[in-house]
Trainee: 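Quick one: the structure is below, questions incoming.
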Amino acid sequence: MIKGSVKITFLAACMALLPVLAVDAQTYDSLIRENPDRAAGVLHYYEYSQSPRTKAPKGFKPFYISHYGRHGSRYHTGARHMAKGMEGMRAAWEAGLLTEEGKLLKRQMDTLDSEHEGMYGMLSERGGAEHRGIGGRMYREFKRVFTDPDRQEVECVSSYWPRCLVSMANFTSQLKSGAPGLQMHYVTGPKYLDYISMDLDTKEIGKEGNRIADQLRESLLDPGRFFKAIFTDPEAAARLIPDKYAFIDAVFCAGAISPNTVGRPDIFKHFTVEELEALWIARNEKLYYSFGISKEAGDYSSAIARPLIEDIVAKADEAVLEGSHRVADLRFGHDVGLLPLIGTLGIEGMDERYESRTVHEHWNSFEFMCMASNIQMVFYRNRKGEVLVKVLYNEKETTIPALGASAGPYYRWEDLREYLLGLVAAIPDDNLVTDRDKTEKTGVS
């Protein structure tokens with residue numbers, strides 16, 4: 001459970017926010033109680049719900065879409081994420097220390113471990129369905145974009161990790177099924193990661209992110225109740241498990257990925273809601289520190305986003321030219337590419353920088369960086385040649401508070417372009433050292 005004094009502090013902070021929240025806003029704890037799966041944070045599956053749309057100004061029609069999507073739901077990228085949990089459960093089973101609940105938990109973890117064999121880092125069936133859904137809805141909502149006989153070109157750029165490539169295949173299959181005449185150009189390779197998911201010097205950022213998570217986990221979580229529930233002799237089990245917090249976090253990690261798999265064993269049911277919240281907070285703060293726009297490391301995140309913003313502007317400039325055949329630029333990457341982008345852009349909900357250890361009071365990963373998260377910039381034009389852009393995040397209209405809208409959520413391309421180039425010019429060069437030899441160890445998720 002969350003330790004008493006700390007829980008009171010967090011709840012008091014959340015209550016203090018209530019007067020300034022929108023009527024329909026919910027705090028992180030109410031959202032997790034509503035659906036405990038959300039405690040998975042960055043590993044949480046995509047939740048789509050229909051949202052209101054603001055009609056475009058008279059005479060403006062969509063003609064081009066600039067997009068970036070994270071791969072869909074996947075398996076863990078390596079055995080290390082569940083290893084300490086599996087080892088602890090196995091040792092306790094061999095010592096005869098598991099309660100009936102503990103035996104059930106071990107069976108569930110064994111099932112999950114077995115399903116992961118040969119599938120580490122790969123897209124799951126759920127992940128494929130997520131991207132088919134997003135691609136299909138994009139086609140239906142912006143059918144005019146994809147059915148103009150004079151504009152049929154679509155460039156699809158992907159990270160070369162299989163989960164991104166298969167996400168791209170699922171997404172574009174829906175576009176092609178509606179508009180078979182589209183000319184799809186598919187490209188991938190290490191050099192494209194220089195903007196799809198730039199790799200900078202992450203060593204110190206990673207170390208500090210881990211320190212933040214460890215400190216929060218130990219201050220918020222009391223392992224006692226969990227140990228009593230699954231071990232017949234918690235003290236004897238503790239002697240077999242040298243790091244209680246790492247063990248519990250690994251079991252939590254198994255529960256977080258489980259809904260993305262075929263078997264989907266309900267591992268989260270072995271935790272109380274308060275324990276899920278504590279474990280989520282630790283990982284939420286780490287993610288925000290490492291790749292969000294935290295007060296501590298926000299400039300680092302913006303350096304990752306710079307080449308991606310430059311790519312968005314350059315390709316949009318070509319698409320708006322008279323005679324262009326380009327209808328969409330589709331990019332498929334990772335959370336470590338998309339999160340720096342939306343933070344640097346300053347979309348609603350990411351337009352302020354917070355200290356990483358308190359960000360859960362303002363921001364949550366399961367809404368902003370779930371599996372298959374995506375940003376869509378939809379370009380509209382009238383007969384005069386004027387261009388407006390509407391921004392969608394996770395298929396919901398959003399705004400950029402720093403940039404005033406000319407008509408509802410629609411921005412003049414000239415204004416948005418100037419804003420984007422201003423962001424690029426303000427980003428320091430200090431961290432811009434890329435590494436094209438990415439491996440799973442670099443943090444690509």
Side-chain angles (χ1 to χ4, degrees), residues 1-2 28-29 31-47 73-94 97-117 119-122 124-127 213 217 220-232 234 237 240-241 243-284 286-287 365-366 370-371 445:
M1 64 179 64
I2 297 181
Y28 73 88
D29 54 341
L31 288 165
I32 290 175
R33 287 175 185 275
E34 182 179 270
N35 179 5
D37 286 352
R38 291 170 180 154
V42 72
L43 299 177
H44 183 47
Y45 51 79
Y46 190 71
E47 290 189 71
S73 291
R74 59 160 172 77
Y75 291 88
H76 272 315
T77 54
R80 65 190 182 278
H81 295 290
M82 299 189 297
K84 290 183 179 178
M86 295 296 301
E87 292 164 4
M89 293 300 294
R90 194 172 295 122
W93 177 74
E94 291 173 353
L97 293 174
L98 293 180
T99 62
E100 288 304 311
E101 183 176 354
K103 292 174 184 176
L104 171 59
L105 174 58
K106 184 181 183 298
R107 290 195 298 271
Q108 291 174 320
M109 292 190 66
D110 285 343
T111 296
L112 192 64
D113 184 55
S114 178
E115 189 176 334
H116 268 77
E117 287 300 319
M119 292 299 292
Y120 284 109
M122 299 299 170
S124 67
E125 291 182 11
R126 183 169 209 153
R217 201 173 289 119
L220 296 174
L221 184 70
D222 180 354
R225 189 220 60 86
F226 186 77
F227 266 53
K228 288 178 182 177
I230 65 172
F231 300 128
T232 56
L240 291 173
I241 300 171
D243 189 334
K244 293 181 182 180
Y245 295 99
F247 165 74
I248 292 178
D249 185 60
V251 175
F252 170 81
C253 230
I257 206 70
S258 181
N260 300 337
T261 67
V262 174
R264 303 180 187 180
D266 187 3
I267 291 172
F268 272 2
K269 76 177 182 180
H270 299 288
F271 295 93
T272 66
V273 175
E274 290 82 6
E275 288 164 349
L276 290 176
E277 289 175 2
L279 290 159
W280 166 76
I281 287 170
R283 287 179 167 270
N284 189 73
K286 174 186 174 180
L287 177 69
S365 48
F366 52 82
C370 58
M371 297 290 186
S445 182

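Hydrogens, waters and symmetry mates are skipped; everything else that's a heavy atom, side chains included, is used. This chain uses plain numbering: 1 for the first residue, then up along the sequence.
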Trainee: Supply the atom-to-atom distance F366 CZ to L31 CG, rounded to the nearest 0.5 angstrom.
Mentor: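 F366 CZ to L31 CG: 4.5 Å, rounded to 0.5 Å.
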Trainee: Are E277 and R38 ion-paired here, with the side-chain N under 4.0 Å from a carboxylate O?
Mentor: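 Salt bridge between E277 and R38, a charged N being under 4.0 Å from a carboxylate O: no.
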Trainee: Parallel, tilted or perpendicular: which fits the ring planes of F271 and F226, with parallel below 30° and perpendicular above 60°?
Mentor: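 Geometry flag for F226 against F271: parallel rings.
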Trainee: Identify the two heavy atoms, one from C253 and one from R283, that lie closest to each other, and give their separation to 0.1 Å.
Mentor: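 Nearest heavy atoms, C253 then R283: SG-NH2, 3.4 Å.
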Trainee: State, with a plain yes or no, whether a side-chain heavy atom of H116 is found less than 4.5 Å away from one of I257.
Mentor: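 H116 vs I257: side chains touch.
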Trainee: Quick check on E101: does its CD atom have over 12 non-hydrogen neighbours (other residues, nucleotides or ligands) under 6.0 Å away?
Mentor: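 It does: E101 CD has more than 12 such atoms within range.
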Trainee: Could you measure the distance from the CG atom of L105 to the CG atom of D266? Nearest 0.5 Å is fine.
Mentor: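 Separation between the atoms: 11.0 Å.
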Trainee: Would F231 and T99 count as a side-chain contact (heavy atoms from CB on, under 4.5 Å) if you check the C-alpha gap in whole Å, the side-chain angles of each, and the deciding distance to 0.1 Å?
Mentor: CA-CA 5 Å; F231 300 128; T99 62; 5.5 Å; no
Trainee: Report yes if some heavy atom in the side chain of P259 is under 4.5 Å from a heavy atom in the side chain of R126; otherwise report no.
Mentor: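 In short, these two side chains touch, coming nearer than 4.5 Å.
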Trainee: For D110, is there any backbone N or O sitting under 3.5 Å from a side-chain donor or acceptor partner on S114?
Mentor: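 Not a single qualifying donor-acceptor pair exists.
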Trainee: Among R264, M89, K103, K269, which one satisfies side-chain contact (heavy atoms from CB on, under 4.5 Å) with Q108?
Mentor: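 One option only clears the test, and that one is K269.
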Trainee: Could you measure the distance from the OG1 atom of T272 to the CG atom of D222? Nearest 0.5 Å is fine.
Mentor: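 Between atom OG1 of T272 and atom CG of D222 there are 10.0 Å.
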Trainee: Do the non-hydrogen side-chain atoms of E274 and L221 ever get within less than 4.5 Å of each other?
Mentor: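 The answer is no, as the side chains (C-beta and beyond) never meet within the 4.5 Å cut-off.
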Trainee: Does a sphere of radius 6.0 Å around NZ in K106 hold more than 12 heavy atoms from other residues, nucleotides or ligands, not counting ones at 6.0 Å or beyond?
Mentor: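 More than 12 heavy atoms, drawn from other residues, nucleotides or ligands, come within 6.0 Å of this atom.
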Trainee: Over all heavy atoms of both residues, which pair between S73 and N260 is shortest? Give the atoms and the distance, please.
Mentor: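 Closest pair (atom of S73, atom of N260, distance): OG-OD1, 3.3 Å.
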Trainee: Taking side chain as C-beta onward, heavy atoms only, is N284 less than 4.5 Å from S365?
Mentor: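 With C-beta onward as the side chain, the pair touches.
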Trainee: Does the plane of the ring in F252 sit parallel, tilted or perpendicular to the ring in F268? Use 30° and 60° as the thresholds.
Mentor: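 F252 and F268: parallel rings.
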Trainee: Identify the heavy atoms of A250 and G85 that sit nearest to each other, and give their distance.
Mentor: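 Scanning both residues, the minimum pair turns out to be CB-N, 3.2 Å.
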Trainee: Atom CZ in R225, atom CD in E275: separation rounded to 0.5 Å?
Mentor: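 It is 4.0 Å, given to the nearest 0.5 Å.
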Trainee: Considering only heavy atoms from C-beta outward, does the side chain of R74 approach that of L43 to under 4.5 Å?
Mentor: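 Sidechains of L43 and R74: in contact.
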Trainee: Give, for atom CH2 of W93 and atom CD1 of I230, the distance between the pair rounded to the nearest 0.5 Å.
Mentor: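 Output value for this atom pair is 15.5 Å.
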Trainee: Does a side-chain heavy-atom distance below 4.5 Å link L97 with L240?
Mentor: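 Answer yes - side chains close enough.
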Trainee: Run the numbers on E47 and N35 for side-chain contact (heavy atoms from CB on, under 4.5 Å), then give the verdict.
Mentor: CA-CA 11 Å; E47 290 189 71; N35 179 5; 3.9 Å; yes
Trainee: Give me the atom names and distance for the closest heavy-atom approach of V262 to E115.
Mentor: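 Heavy-atom minimum between the residues: N-OE2, 2.7 Å.
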Trainee: Charged N to carboxylate O under 4.0 angstrom, R217 versus D249?
Mentor: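 Salt bridge present between R217 and D249.
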Trainee: Quick check: closest heavy atoms across F227 and K244, and the distance to 0.1 Å?
Mentor: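 That closest heavy-atom pairing would be CZ-CG, 3.7 Å.
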Trainee: State, to 0.1 Å, how close S258 and T261 come at their nearest heavy-atom pair, and which atoms those are.
Mentor: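 Of all heavy-atom pairs spanning S258 and T261, the closest is O-OG1, 2.7 Å.
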Trainee: Would you compute the distance between atom CG of L112 and atom OH of Y75 and round it to the nearest 0.5 angstrom?
Mentor: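 So the CG of L112 and the OH of Y75 are separated by 9.0 Å.
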Trainee: Are C370 and Y45 packed together at the side-chain level, in the sense that at least one heavy-atom pair is separated by less than 4.5 angstrom?
Mentor: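 Side chain of C370 against side chain of Y45, heavy atoms only: no contact under 4.5 Å found.
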